[in-house]
Amino acid sequence: MVFTGLKMPNPGLDQRVLSHAQLEKLEVEEAGERPKWDNKAQYMLTCVGFCVGLGNVWRFPYLCQSHGGGAFMIPFLILLVLEGIPLLHLEFAIGQRLRRGSIGVWSSINPYMLGVGIASMCVSLLVSLYYNTIIAWVLWYFFNSFQEPLPWSQCPVNVNRTGLEWECESSSPVDYFWYRNTLNITSAIDEPGGLQWWMVLCLISAWAVLYVCCIRGIETTGKAVYVTSTLPYVVLTIFLIRGLTLKGSISGIKFLFTPDLDELSNPATWLDAGAQVFYSFSLAFGGLISFSSYNSVHNNCEQDAVIISIINAFTSIFAATVIYTIIGFRATQRYDDCLAGNILTLINMFDLPEKSIDDSNYASSLSHLNSTYPAIISNLQLKTCNLNTFLTEGVEGTGLAFIVFTEAITKMPLAPLWSVLFFIMLFCLGLSSMFGNIEGVLVPLQDLKVFPKSWSKEAISGVTCLVCCCIGLIFVQGSGNYWLALFDSFAGSIPLLITGFCEMVGVVYVYGIDRFNEDLKFMIGHKPNIFWQSTWRVISPLIMLVIFLFYFATTISKELFYISWDPESKPYPVWIYIIIFLLAGVPSLAVPGAALFRAIWKRYC
Amino acid sequence: MRCVWMVCVLCLAPAVAAILCKPDVTDGYKVRLSIKTALGDDAYEWSKSELFLFRAVLAFAVQRKTNNVNYDVSNILVCDETERVSFWFVVTTPDNTSELLPKLVVENAIRENRHRINSAFLLTDQTLDFVGINPTLAAPIEYDTPPWLIVFGVVMGVVCAGIVALLVSTFLQKKRAKKPSADPVDDEDGSGSIAGNGILCESIGDKDGTYNQGFTDDDRFTKL
């Protein structure tokens, strides 16, 4: 068979991969020691769980709202189709065809591409470390939700019992509970602050739960995902119904979706949309390749890719709606409280009857009083109450989940119930993503033969979880949050973009797009159409390259600051730059590094 | 003569009362009631009777504080009523109506009986505001064991039980898989069941047996 099309020379490929006939035989005789999915539902739920994670709940709504609301859907959906779906299909197809984990796949395609597999493994490892700490935080809040009143609803009394704790009074009960009771945060990254014992317990429980679910690989994970992948949707629906019945929810939704088409001309909108699509699909971690390698050879991976992409997009939009009903409620509550406070001040000052000033005539009454008694009014120091300000307050990341949302919950009747539901949902979202991360660590470790062959699956996953838990203790010391932000910005960003780009190039140009098309024809029965061809060969790699160059340029050019508890923006100390280089550089450089290493080894051995 | 004297006293009495109670008086307090905020649609109208109730409750509070010295409603003087429903009040001593009870005594009396005063008017610490007397903070709820530790214990207990159960079941499975192949190793002369290579034929059909690909016909190598 003659293979046409642009392709790099790749000798020995036929010896490294199973031929179609061998695959067929494997399929028919049900031979092979590779684990298998019990049914298609398990596979779909696992992939959906891996893709749908915390980012759908606390990153996408913020991006949507800050980049022109409803208008953000346009770049998001366009890039989903041009970047997300093709990459997803590619990973599914290559995993299903080569039937190996990420290291196995890339070393099969070409031994010089081993670095791509190693990069995936490193990134999966680094992300697992800090991601499980976030789950530990969620568990802490979950454990604390079983009391009335919720501990973050009121400030604690100070030591003398003369008043409220000073630190809490000057900020707010939710801020205090997050920064002091949970993190016990220090004021700078170079002040370690010691291990916080309550967080250590939560971290141990997070890793223990992960271990019990991953103990035998997909045999146990496949059962766990029936709960962890479906429960979030149930909870989101409950919250939607609850949210819509609260006052002010509609203003939240309106704020979220009001389109501002001018934002489409801002390049940052498109880049953020592209990055969100890429990270949201958990691409280049190696987990998806692993999961799809357990499928039967003739599984329709094209259909799977499209279905999962649609589910992911739908979940993002659905979660954004739910989040913003609650945020709208909170903002309206704050606005009403602010206004009520001002009105009370005014009627107390001027001894006016109650209800003489209310929400509707506040503005007119204020201007009338201001014209008559300007000096007194200025002395009163009335607060400016603006609903939009409250709607835009701190609504992404951990700030959304642990500060804004928890505050909103305290204002709802039956607060502990909503708190328990919310944190169970976050826990399930995080845990199902962790399954994919851990898969992306365990399978390469087995492929690299790091562990002795006699060790059972249980022992390997046990040791891995134990080691990760111990390293994860960095994140539960006083300065842990700063470390986590560091890992999040550098370990989980640039290396993934590089790996994703190399994956596309590797499959299309090193493995050969023609061979890949033939494989797909063998697996699903028809050759991929022009859409797939154009996106795989040109469009998606180009988009990845653009996003990568942009991120690289902005990261290198700007001086690195972080926001500490004081709160002020502090520059990172010098030794942090070494850590940053290790986090972002080592996985990225593993790609050319492994190739170089192999070339030298071959030449001189 | 007596009539003139009586008339003079009667005229002076309210005047004296008026001087004792005035806004910003040292031994008095300003009170603000936010009835509509507290009760909404069930709010009652502020009237003379309500004011009378206030004076009576306050007399009760002061009487309780001062160890049952007999205070009367007339000892509570009220002035400067506004539409806000706010007014100033002072407390006179029962023995000498021109002498005021010190501020501190009044404050303590109110603090100790705050709950009773609030209840009489169906209001709270925030809606029945004695300007200058801050409500005392409720004592924080003390738990013997923090509730979160209990939940943590339950979750960890379940998880550990799960881990142990899974490890034990794996161990048992392995033991069962090893058992049949242990016997025929000694049976060298083939007595009883057919044995080749020391492996019973029956054991190959075992569910847990693995299919060794090394022994299948390798098309790859014979294609030439």
Smallest separation among heavy atoms of A:Leu344 and B:Ser34, with atom names: CD1-OG, 4.5 Å

Chain B contact via A:Val212 - side chain, backbone, both or neither, heavy atoms under 4.5 Å: both

Engaged part of A:Trp198 at the chain B interface, taking heavy atoms whose separation is under 4.5 Å: both

Contact winner vs chain A - B:Thr82, B:Leu33, B:Val158, heavy-atom pairs under 4.5 Å: B:Thr82

Straight-line distance of A:Asp351 CG to B:Asp80 CG, nearest 0.5 Å: 7.0 Å

Heavy-atom closest pair, residues A:Tyr211 and B:Leu167: OH-CD2, 4.2 Å

More than 12 heavy atoms from other groups under 6.0 Å of OH on B:Tyr44: yes

More than 12 heavy atoms of other groups within 6.0 Å of A:Lys247 NZ: no

Whether A:Phe143 and B:Trp148 hold their rings parallel, tilted or perpendicular, with breakpoints at 30° and 60°: parallel

Over 12 non-hydrogen atoms of neighbours within 6.0 angstrom of OH in A:Tyr373: no

Proximal component of B:Ser86, with respect to chain A [non-hydrogen, under 4.5 Å]: side chain

Greater than 12 external heavy atoms within 6.0 Å of B:Phe52's CZ: no

Sub-4.5 Å side-chain heavy-atom contact between B:Val159 and A:Ser205: no

Contacting moiety of B:Ile150, where chain A heavy atoms sit under 4.5 Å: neither

Contact check, side chains of A:Ser356 and B:Glu83, non-hydrogen atoms, under 4.5 Å: no

A:Ile204 vs B:Met156 side-chain heavy atoms within contact, under 4.5 Å: yes

Exercise: identify the closest heavy-atom pair between B:Arg84 and A:Ile347: CD-O, 3.6 Å

Pairwise side-chain contact, A:Glu458 with B:Leu166, heavy-atom cut-off 4.5 Å (strictly under): no

Atom of A:Ala208, atom of B:Ile163 and distance for their closest heavy-atom approach: O-CD1, 4.1 Å

Backbone N/O of B:Lys36 and side chain of A:Glu354: donor-acceptor pair under 3.5 Å: yes

